[in-house]
Amino acid sequence: MSLIAFGLKLEQFIFTVYINMVTDRITVVNNKLNSWNEEANLKRNKIYYIGRNSFSIKFVSISFNLIEEMLKSIETVLAIIVFQTLISNFCYIVFAIWTYIYYYRILKDSQFLLRMIVWSANEFLSVILICYVCENLLTKRNETKSLVNKIVMNYDLPREARVQAKTLIEVVNACPMEIVIYGMFDVNITLILKFISVVTTCLIFLVQISHFV
């Protein structure tokens with residue numbers, strides 16, 4: 001049983017590593033876009049080039065699309081990990097709550113409640129970690145859209161640069177960078193609140209039926 005739990009934790013860690021890898025690549029794109037919004041680059045005749053090496057906004061669009069394809073591949077392969085994490089942790093926590101309610105009347109041990117809380121919190125941490133890395137990915141994607149919009153709205157820039165920036169906005173809009181598990185739920189910060197809400201509902205139900213057991 002411990003080996004299975006360790007395997008699940010390892011898979012969760014691998015998922016977060018891959019999502020952070022995608023986030024780092026978007027960060028690189030954002031750093032490039034941010035450099036175009038600096039005052040030093042506003043004076044250049046060709047704002048869509050940066051430094052000594054040419055790096056056009058069109059190339060950023062291609063890069064962003066490739067990042068989205070990589071994310072979809074990760075989602076397809078590792079979606080089962082997130083699904084297993086949510087289902088197993090939900091079952092573990094509900095089972096812990098039911099165990100406490102059922103045996104507390106017999107054991108009358110206050111430390112038993114503390115152990116259940118610590119154990120449930122430890123299981124819930126993996127859900128928080130997965131939701132956090134996915135939310136961070138969405139934040140970086142929204143930051144990309146904001147930076148590109150600044151380029152589009154800057155009428156001091158060359159027309160070609162603004163046209164390419166408009167194309168990049170279309171690419172960003174077409175790449176939501178969302179992790180959707182089997183079309184059932186989105187993995188982001190709101191999933192934590194939904195998870196807590198469902199667990200709380202089950203807790204209320206278990207407390208009510210415990211009087212008849």
Side-chain angles (χ1 to χ4, degrees), residues 1-34 60-97 115-148 168 171-203:
M1 187 66 180
S2 299
L3 185 60
I4 296 176
F6 174 77
L8 182 58
K9 295 295 183 182
L10 182 60
E11 291 175 343
Q12 295 165 3
F13 175 75
I14 292 173
F15 176 81
T16 57
V17 168
Y18 276 119
I19 297 300
N20 281 325
M21 181 179 64
V22 175
T23 304
D24 290 340
R25 279 155 175 75
I26 298 180
T27 301
V28 172
V29 171
N30 291 346
N31 291 336
K32 293 295 184 181
L33 293 173
N34 191 50
V60 175
S61 301
I62 297 173
S63 301
F64 200 86
N65 186 61
L66 292 175
I67 292 173
E68 170 70 12
E69 292 181 2
M70 180 173 61
L71 180 64
K72 290 301 181 182
S73 299
I74 294 173
E75 179 183 347
T76 301
V77 175
L78 301 180
I80 185 64
I81 295 176
V82 181
F83 185 76
Q84 288 177 341
T85 299
L86 293 173
I87 296 300
S88 61
N89 288 354
F90 175 78
C91 293
Y92 289 160
I93 293 174
V94 171
F95 179 75
I97 294 173
R115 289 194 296 269
M116 289 293 100
I117 292 176
V118 172
W119 187 77
S120 299
N122 180 59
E123 294 298 327
F124 188 53
L125 282 177
S126 57
V127 177
I128 295 177
L129 179 60
I130 290 175
C131 292
Y132 171 77
V133 295
C134 292
E135 182 68 23
N136 189 39
L137 175 63
L138 291 175
T139 301
K140 292 296 181 180
R141 181 261 181 190
N142 294 333
E143 183 182 341
T144 303
K145 187 174 181 180
S146 177
L147 291 171
V148 178
L168 179 54
V171 173
V172 173
N173 290 333
C175 302
M177 296 289 178
E178 296 178 347
I179 303 295
V180 183
I181 305 302
Y182 300 126
M184 293 186 292
F185 48 83
D186 299 334
V187 183
N188 49 41
I189 200 69
T190 60
L191 181 61
I192 299 177
L193 301 178
K194 294 178 182 179
F195 190 91
I196 295 175
S197 176
V198 174
V199 171
T200 303
T201 302
C202 290
L203 173 61

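Values reported hereafter were calculated over all heavy atoms of this structure, with side chains retained and with hydrogens, waters and symmetry mates removed. We number each residue from 1, following the sequence as shown. Predicted model, so just to flag it, every value in this text is computed and none were measured.
Residue pairs meeting the salt bridge (charged side-chain N to carboxylate O under 4.0 Å, His left out) criterion with at least one partner in residues 15-31, sequence neighbours excluded, are absent. Pairs of residues two or more places apart, or lying in two chains, that qualify as side-chain hydrogen bond (donor to acceptor under 3.5 Å, both in side chains) and include a residue from residues 184-198 are Asn188-Thr190. The side-chain hydrogen bond (donor to acceptor under 3.5 Å, both in side chains) contacts involving residues 7-22 comprise Gln12-Thr85, where partners must be two or more places apart or lie in separate chains.
At least one side-chain heavy atom of Leu33 sits less than 4.5 Å from a side-chain heavy atom of Leu168. Annotation: side chain of Ile181 is not in contact with side chain of Leu86 (no heavy-atom distance under 4.5 Å). Residues Leu71 and Ile179 are in side-chain contact: their nearest non-hydrogen atoms beyond the backbone lie under 4.5 Å apart. Looking at heavy atoms from C-beta onward, Thr23 lies out of side-chain contact with Val133 at the 4.5 angstrom threshold. Using a 4.5 Å cut-off on side-chain heavy atoms (C-beta onward), Phe195 and Val199 make contact. The side-chain heavy atoms of Cys134 and Met177, taken from C-beta on, include no pair separated by under 4.5 Å.
Here the straight-line distance linking atom SG of Cys91 with atom CD of Glu123 works out to 11.5 Å at 0.5 Å rounding. Atom CG in Leu191 sits 9.5 Å away from atom CD1 in Ile130 (nearest 0.5 Å). Rounding to the nearest 0.5 Å gives a distance of 5.0 Å between SG of Cys175 and CG of Asn65. Atom-to-atom distance recorded for Ile19:CD1 and Glu75:CD is 8.5 Å, nearest 0.5 angstrom. Once rounded to the nearest 0.5 Å, the distance linking CG of Asn34 with CD of Glu143 reads 7.5 Å. Expressed to the nearest 0.5 Å, how far OG1 of Thr139 lies from OH of Tyr132 amounts to 8.5 Å.
Few gaps surround CZ on Phe185; more than 12 heavy atoms of other groups in view lie less than 6.0 Å from it.
Distance alone, capped at 3.5 Å, is enough to place a donor-acceptor pair between the Asn31 side chain and the Thr27 backbone. No donor-acceptor pair closer than 3.5 Å links the side chain of Asn30 to the backbone N or O of Leu147. Although no hydrogens or angles enter the test, the distance criterion places a donor-acceptor pair under 3.5 Å between the side chain of Asn142 and the main chain of Leu138. Between the side chain of Asn89 and the backbone N or O of Phe124 there is no donor-acceptor pair closer than 3.5 Å.
Partners of Phe64 according to the ring-ring contact (aromatic ring centres under 6.0 Å, His included) rule, which considers only residues two or more places apart in sequence or in another chain, do not exist here. Contacts of Phe83 classified as ring-ring contact (aromatic ring centres under 6.0 Å, His included), with partners at least two apart in sequence or in another chain: Tyr182. A search for side chain to side chain donor-acceptor pair (under 3.5 Å) contacts involving Asn173 returns Lys145, not counting sequence neighbours.
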- Item | Worked check of side chain to side chain contact (heavy atoms under 4.5 Å, CB included) between Ile67 and Val29 | CA-CA 10 Å; Ile67 292 173; Val29 171; 4.2 Å; yes
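Scanning both residues, Met70 and Met21, for their nearest heavy atoms gives SD-CE, 4.3 Å.
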